[in-house]
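Order of listing sets the numbers, starting from 1, for every ligand and every atom in it.
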Amino acid sequence: MKPFQAPLDDIYFILNHVVDAGRVDEFDAEFSREITEHFAAFAEGEIAPTDEIGDRVGAQLVDGRVKMPEAFHPMFKSYIEQGWTGLMLPEDFGGQGVDGITGGVVHEILMGANHSFQMLVSLAVGHNRVFQLFGTEAQRAKYIPPLAEGRWLGTMALTEPGAGSDLSRIRTRATKDGDVYRITGEKIFISGGDQDLSEGILHLVLARTGDMDSGIKGLSLFACQSVLDDGTRNAVQVTRIEEKMGLHAQPTCQLAFDAAEADLIGEEGQGLRAMFELMNHARVDVALQGVAHAARTYDVASAYAAERQQGRDKTGPVTLDKHGDVRRMLDEIDAIAMGARAMTHLTLVTLEKGDDPWLVELLTHVIKWYSSEVGLTAVQNGIQVLGGYGYLQEYRLEQTYRDLRIAAIYEGASGIHAMGVAGRLLRLENGAAMDAFVAWVKSVEGGGTLTNSLAAWEEARAHLERGAEPGEIATAFIRLTSRVLEQALWARMEAQADHHPDPARIRRVAALVRRQSARTQADLAEIKAA
Ligand SMILES: Cc1cc2nc3c(=O)[nH]c(=O)nc-3n(C[C@H](O)[C@H](O)[C@H](O)COP(=O)(O)OP(=O)(O)OC[C@H]3O[C@@H](n4cnc5c(N)ncnc54)[C@H](O)[C@@H]3O)c2cc1C
């Protein structure tokens, strides 16, 4: 099995030469590189070795508490001692105030090393954002420092047995009791709902303060500590952890709240707005999960194919990567991994720059959809490259597949993101997000292929605007949107290839993406036929 190696050369190439992270004032390329290299060494040496153990042992529910695999404890201790929990949190509250681009790259490496662990430790960034936008000064002072120091880890508690994609069905209630609120109800599928790594857990809970039939308007957001200020446990019980296909070391918990003490964030009825701040951050993280798994797949599959001999040519026995079809699969994995990274880094950079919010709105849906759906195709191809060994546990691509599979479901299932583009954004503010996308694509020198693909996309947009029912063609439209984005970013990669340590690899994959560009016509035909 090939040990995890952070793809630093690919990351820097995209950040510095494809999405121009340097246009963000807070981003310092040298400083960012220093932090990332430091983290990569830690991730390769200490975090990645716990990934396989975590998959085998899993998180266990013992006497009503979740026990994490033993190997996670010393690794988590190093993680907090080195200050990684507070990396992106404000310095005023005990964090290090590092920019979101560098933080995103660190998260990408963390996901490649251990996806289950990443999910436990990365929500603090979204929590901080919620408190900055909706909390009081007293709440920021109370809740952010323990998150920055790693004394607490965070959760987001939305889902209930009857409320999955449709949060208007939430039944968990919060009632005022003097200075505090009391939460009663049941939440399911809560990632990191309990664990024995940190001293405490800060649940951000979406609960109903309005009438039962008040829909999303009756939802409010609460901070709910697992351990109260006086050291006693709050009335939040883990009633089960789920047996899952993957992410075995990520405790997916069912939680019972029995008049648990909680603190309202913002105002009553603002819950969904506040939660969306948290979710938008989490969606970029999910996109980075797809990037990390596709990149890991490329690393494993290309190394394997360069060593294993099967078949022969005129010169004698050849390795797998000399077969045209295997080369194609490797290049397709690379196209997806690098394409998804470029899309996600473009989103991070545009978000940090803050000058094109409509483009960010659109990109957030597209990267979440592309990295999870198409990212899985990359892993699928990787398993195929390894043949029978890909199907075995030995090379662990089967774990990669199992761990990544959920990404297309949580943080809004793929169909919801497809409708977010073909339904909501298409019409919002006269299609401002669509116009922002067109303007961005036109800013890229992509030649005739890109012009043709954009023309196909504009035709599809016009078809939807004329009133075509989006439901059944939304996926074709988000796929088409992602293809145009992918082609534009690969055109940039090709133009900048000489900045990459392996320019021939970049040019070869760019040529493959161009060859596949005609697929936009098939998407358009599917959309227009509906
Ligand atoms: C491992 C894991 C971790 C999770 N972590 C968390 C967590 O930390 N916190 C939390 O609150 N929840 C969490 N969840 C829950 C997750 O967010 C939900 O599973 C997800 O929102 C989908 O809800 P559901 O499972 O009820 O599916 P449903 O809502 O029943 O949807 C089923 C399918 O129907 C389709 N669908 C439904 N509605 C629409 C629509 N409006 N438009 C188009 N298609 C639609 C989609 O294809 C979807 O996949 C987690 C789940 C898992 C498995």
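- Less than 4.0 angstrom separates atom 13 (C) of ligand 1 from at least one non-hydrogen atom of the protein.
- Under 4.0 Å is where a charged nitrogen must lie from a carboxylate oxygen, and between R479 and E373 no such pair does.
- Residue K244 touches ligand 1 through its side chain alone, judged by heavy-atom distances below 4.0 Å.
- Summary of contacts: the protein heavy atom closest to atom 42 (N) of ligand 1 is I416 CG1, 3.7 Å.
- The option from S165, A282, A163 that lies nearest to atom 27 (O) of ligand 1, judged by heavy atoms, is S165.
- Side-chain polar atoms of R208 and S214 form a donor-acceptor pair below 3.5 angstrom.
- With a 4.5 Å cut-off on side-chain heavy atoms, I53 and F72 do not count as touching.
- Between F131 and H127, the ring planes lie perpendicular to each other; the angle is over 60°, past the 30° to 60° tilted range.
- Proximity of atom 32 (C) of ligand 1 to the protein is not indicated, since no non-hydrogen protein atom lies closer than 4.0 angstrom.
- Considering backbone and side-chain atoms together, L158 places an N or O closer than 3.5 Å to an N or O of ligand 1.
- A salt bridge is absent between D55 and R396; no separation between the charged side-chain nitrogens and carboxylate oxygens falls under 4.0 Å.
- Under a cut-off of 6.0 angstrom, the local environment of CD in E44 is crowded, with over 12 non-hydrogen atoms contributed by other residues, nucleotides or ligands.
- Nearest protein heavy-atom neighbour of atom 6 (C) of ligand 1: F189 O, 2.7 Å.
- H203 and T155 are linked by a side-chain donor-acceptor pair at a separation below 3.5 angstrom, with hydrogens and angles left out of the test.
- Atom 47 (O) of ligand 1 has its closest protein heavy atom at A413 CB, 4.1 Å.
- Closest to atom 26 (O) of ligand 1, if we only count protein heavy atoms, is G164 CA, 3.2 Å.
- Among protein heavy atoms, atom 53 (C) of ligand 1 sits closest to I406 CD1, 3.2 Å.
- Heavy-atom minimum distance, R169 versus G162: NE-O, 2.9 Å.
- If you check which protein heavy atom lies closest to atom 9 (N) of ligand 1, you get M156 O, 2.8 Å.
- Note on ring orientation: taking the six-membered ring where Trp is involved, the planes of W84 and F39 are perpendicular (angle over 60°, cut-offs 30° and 60°).
- Nearest non-hydrogen protein atom to atom 20 (C) of ligand 1 is I409 O, 3.8 Å.
- Nearest to atom 15 (C) of ligand 1 among the protein's heavy atoms is T159 OG1, 3.3 Å.
- Using modelled atom types and a 3.5 Å distance limit, the side chains of T520 and W457 yield no donor-acceptor pair.
- Each of the following atoms of ligand 1 lies closer than 4.0 Å to a heavy atom of S191: 3 (C), 4 (C), 5 (N), 6 (C), 7 (C), 8 (O).
- Ligand 1 is never approached by L247 to a heavy-atom distance shorter than 4.0 Å.
- For atom 35 (C) of ligand 1, the protein comes within 4.0 Å by no heavy atom at all.
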